[in-house]
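Heads up, the thing below is written out as structure tokens.
Fair warning: this is a prediction, and the values are worked out from it, not measured in the lab.
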Amino acid sequence: MERLRQDDPSRIGPYVILARLDAESAERGVPERRFLARTTDGHRTVLLRLPRVGADPSRWAIEAEGARRLDVPRLLPATEVDGTAGFPWSTTPYTPVLPLPAALAAYGGPLPEDLVRRLGADLAEGLADLHDRGFAHAGLSPAAVLLTAGGPLLACFGAVRAAAPDGTRRSGLPGLDPGCLALEQASGGRPTPLGDVFALGAVLAYASTGHTVPEQSELPSGLRLLIGSCLASAPADRPRSAREVLHRLTGHAADASPGGPAPAAAGPLALPGRVVAALAAQSAALLAAELPATTESTPPPPFPPAAQKVH
């Protein structure tokens, strides 16, 4: 949760913008602008999202509307898509959330192997459900993983599709983490479930090491083989599906075929105390924030230092 900048909007639709979700240092890998906002009557607080400056708003709006129509566990719900053709926006009811990069900052470094394994299982389960319905997420990256007290959520649905149409080279485009782009997608290929498997491997590598393109020796020994196979250049060399990744993470090798039943979840993701404290600090700061008397010239409300980062 970060202070607003001078070039940030002060109000969008019925919402007053209170703060940014993402740190400025992380914005290069975030495919959309994300804010915490509240209605002018103070009754509703939301996570509000906009296309990046310079992005195609129509493609972004198509993906936002697609997410709104999907009811898939672990997919960040888009309950409202509005605005104009040139300035679309989308909202989700607020719950305390930390993007994965902010969670690593709060924790003080890469996450423990058992936590990465459990996080990966939750993400793989969400991807498997999405793939079973015939959709590729096409936007998974560290910034797209939002940690909550109830487990991780998959945000940034369709970011690869929104960034550039199929047939257009996507490597180097702002907002897309190059380490999470499978070779076939970076070169302009149509996003597929196996591209999501590659991105999942990159996210697990990031959670384990702090970056998406690690050396094999940096990876935890218990996850090295799985992450390495997810990051294979050739799609045929990756796990066959997100469901297979899920089974391998949870120790169930049987029935890993697409459409097969998923293993039972092992309970809610247990977040480290420092990450829980960062979520609590964000919630407290947002609750304490007062709406400015005017939305045109009043500077954004101050936030206590504890909301910025927890060590």
- Task: Look at the side chain of Arg38 and the backbone N and O of Thr45, then say whether any donor-acceptor pair between them is shorter than 3.5 Å.
- Result: no

- Item | Arg20 bridged to Asp22 by N-O distance under 4.0 Å | no

- Candidates Leu119, Leu76, Leu153 - the one meeting side-chain contact (heavy atoms from CB on, under 4.5 Å) with Val145: Leu119

- Item | Arg52 side chain to Val30 backbone, donor-acceptor under 3.5 Å | yes

- Main-chain N/O of Arg240 paired to Glu244 side chain as donor or acceptor, under 3.5 Å: yes

- Charged N to carboxylate O under 4.0 angstrom, Arg59 versus Glu63? no

- Item | Main-chain N/O of Asp82 paired to Ser90 side chain as donor or acceptor, under 3.5 Å | no

- Measure from the side-chain N and O atoms of Thr168 to the backbone N and O of Ala164, and report whether any donor-acceptor pair falls under 3.5 Å. no

- Task: Begin with the C-alpha distance, continue with both residues' side-chain angles, and end with the deciding distance and a verdict on salt bridge (Lys or Arg N to Asp or Glu O under 4.0 Å) for Arg3 and Glu24.
- Result: CA-CA 10 Å; Arg3 295 176 184 272; Glu24 188 171 358; over 6 Å; no

- Message: Could you check whether any side-chain N or O of Glu218 sits under 3.5 Å from a backbone N or O of Glu215, counting only pairs where one atom can act as donor and the other as acceptor?
- Response: yes

- Under the 3.5 angstrom rule, does the side chain of Arg238 hit a backbone N or O of Leu194 as a donor-acceptor pair? yes

- Task: Go through the side-chain N and O atoms of Ser171 and Arg169 and say whether any donor and acceptor fall under 3.5 Å apart.
- Result: yes

- Query: Can Arg133 and Asp129 be counted as an ion pair, charged N to O under 4.0 angstrom?
  - Reply: no

- Would you please name every residue forming a ring-ring contact (aromatic ring centres under 6.0 Å, His included) with Tyr15, sequence neighbours left out? Trp89

- Message: Strictly by ring pair (Phe, Tyr, Trp, His ring centres under 6.0 Å), give each pair with a member in residues 34-85 just once, sequence neighbours left out.
- Response: none

- Query: Under the ring-ring contact (aromatic ring centres under 6.0 Å, His included) test, which residues partner Phe157, sequence neighbours left out?
  - Reply: His137

- Message: Could you check whether Arg33 pairs with Asp8 (Lys NZ or Arg NE/NH1/NH2 to Asp/Glu carboxylate O, under 4.0 Å)?
- Response: no

- Item | Check: Arg170 side chain, Gly189 main-chain N or O, donor-acceptor pair, under 3.5 Å | yes

- Message: Please check: side-chain N/O of Arg224 versus main-chain N/O of Leu219, any donor-acceptor pairing under 3.5 Å?
- Response: yes

- Query: Does any N or O in the side chain of Ser283 come within less than 3.5 Å of the main-chain N or O of Leu279, such that one atom is a donor and the other an acceptor?
  - Reply: no

